[in-house]
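Following: one structure in structure tokens, then a few remarks.
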There are 2 protein chains.
Amino acid sequence: MRSNVAKKQLESKTTTGTASRPYRIEEQVGYLLRRAHQRASAIFQVGIGDPNITPTQYSSMVKLNEYTELSQNLLGRLVGMDKATMQGVVRRLKERGLVDSRPDPGDARRTLLSLTTEGNRLVTKLLLNGPAVSRETLKPLSQQEQRQLLDLLSRIV
Amino acid sequence: MRSNVAKKQLESKTTTGTASRPYRIEEQVGYLLRRAHQRASAIFQVGIGDPNITPTQYSSMVKLNEYTELSQNLLGRLVGMDKATMQGVVRRLKERGLVDSRPDPGDARRTLLSLTTEGNRLVTKLLLNGPAVSRETLKPLSQQEQRQLLDLLSRIV
DNA sequence: CCCATATCGTTTGTGTACACACGATGACAT
DNA sequence: ATGTCATCGTGTGTACACAAACGATATGGG
């Protein structure tokens, strides 16, 4: 009973005169994004080829593979990670000998990051599995729908 | 140079004869889902009306508001949370006096959860802001695109 | 040159998120 | 009734994710 009060109040119109649908948590973007992200992470974990590499570690390594050397902060911006989060990701990659760092000779505030030989070898291997992971995640959709989803997602990011 | 080797190898065909595009991390579903989820969470945090309530806490409370009483495990399934994750979410909600628990009289393994009066009052208030949060998150898209995105997301979950 | 301001990386604290192991309980077949 | 197997909640360990505060360094204006 109590809950119906809340639901009623939510049935206000949006912009059009169309009656808005009841508020269901399962139909909200945020909720769906969380669930979809969970599933994508699970597929990544089993499909990328190394159970100890996480999605964020992977994207960091891919970016370092592209740019050779990057400051920690710039890398964070490129892969969409908070600097505090980046700190942990980099620390773990360094502990595993996949990433190296040196002070930026031109700016004492910065740390320059690069892949080690082993890091380079590992990304090269994982990159072979990358497309399959994406394909598996998108499998429920047709080719056209896959493109649509990628387009829509990139526009709300 | 080294990285070009990896990229070359990834340019294998998918199913059709179409030349596949180069592998860019920014175009992969998993990456886009992570970024989109980040943005949705940020919008939620400022828009839901209580900075101390997180998206998972919110969806748990909404479900408890719908069902009145649920076992912790079932609630977890309904909102897509691991039981270990659920444990933490419920503990925090209980600490704040928003949720109550009692042993299931018919099954000693289960804990039954419900909203307290205060929890009920809070969800009712937050539910008023829910639609605006979703609207804000989807703002970059047209009405039709919004529906499409929700449809595509629910199909890959 | 100096000062206000900004950037960079670190640290701390809180909160998801999941794997794994554990103990208690329930369900079911023999 | 008993033993096997599943379910439920808990605890531990690891890893994102971000806010806030901090010290060190850089930059640009006066």
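Numbered from 1 within each chain, the chains take letters A, B, ... in sequence-line order. On a predicted model such as this, the values are computed, not experimentally measured, just so you know.
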Next on the checklist: Assess whether a salt bridge exists between B/E66 and B/K63, defined as any Lys/Arg side-chain N lying under 4.0 Å from an Asp/Glu carboxylate O.
Outcome noted: yes
Checklist outcome for this item: Judged by nearest nucleotide, the residue sitting upstream toward the 5' end of DNA chain D, A/M81 or A/D107, is A/M81
Checklist entry - Could you state the CD-C1' distance from A/Q87 to C/dT7, rounded to the nearest angstrom? => result 16 Å
Checklist entry - Under 4.0 angstrom, heavy atoms only, what part of the nucleic acid is B/A84 near: base, sugar-phosphate, or nothing? => result base
Checklist entry - If you look at every strand shown and take non-hydrogen atoms under 4.0 Å, does B/D82 touch a base, only sugar-phosphate, or nothing? => result base
Checklist entry - In a check of side-chain hydrogen bond (donor to acceptor under 3.5 Å, both in side chains) between B/Y31 and each of B/Q28, B/R34, B/R35, B/E27, which one passes? => result B/R35
Next on the checklist: How many whole angstroms separate atom CG of B/D104 from atom P of C/dA27?
Outcome noted: 10 Å
Next on the checklist: Students should find this one: the first and last nucleotides of DNA chain D, 5' to 3', lying under 4.0 Å from a heavy atom of chain A. What are they?
Outcome noted: D/dA15 to D/dA26
Next on the checklist: Categorize B/R96 for me: base, sugar-phosphate, or nothing, with a 4.0 angstrom heavy-atom threshold over every strand shown.
Outcome noted: sugar-phosphate
Checklist outcome for this item: Of B/L74 and A/T85, the one whose closest nucleotide on DNA chain D sits nearer the 5' end is B/L74
Item to check | Taking every non-hydrogen atom, the tightest pair across A/L113 and A/V90 | outcome: CD1-CG2, 3.6 Å
Checklist entry - How far apart are the closest heavy atoms of B/T116 and B/D100, and which atoms are they? => result CG2-N, 3.9 Å
Checklist entry - Where do A/I53 and A/F44 come nearest, in terms of heavy atoms and distance? => result O-CE2, 3.4 Å
Checklist entry - Base, sugar-phosphate alone, or nothing: which one does A/R77 contact when heavy atoms must sit under 4.0 Å apart? => result sugar-phosphate
Item to check | Nearest heavy-atom neighbours spanning B/A40 and B/T137 | outcome: CB-CG2, 3.9 Å
Checklist entry - Which part of the nucleic acid, if any, lies within contact of B/R39, taking any heavy atom under 4.0 Å across all strands shown: a base, the sugar-phosphate backbone alone, or nothing? => result nothing
Next on the checklist: Return whichever of A/Q72 or A/Q45 has its heavy-atom-nearest nucleotide of DNA chain C closer to the 5' end.
Outcome noted: A/Q72
Checklist outcome for this item: DNA chain C nearest-nucleotide lookup for B/R109 and A/R34: closer to the 5′ end is A/R34
Checklist entry - Does a side-chain N-to-carboxylate-O contact under 4.0 Å join B/R155 and B/D151? => result yes
Checklist entry - Between B/R110 (CZ) and C/dG26 (C1'), how many Å, whole number? => result 9 Å
Next on the checklist: Without decimals, in angstroms, what is the distance between B/I53 CD1 and C/dT14 P?
Outcome noted: 16 Å
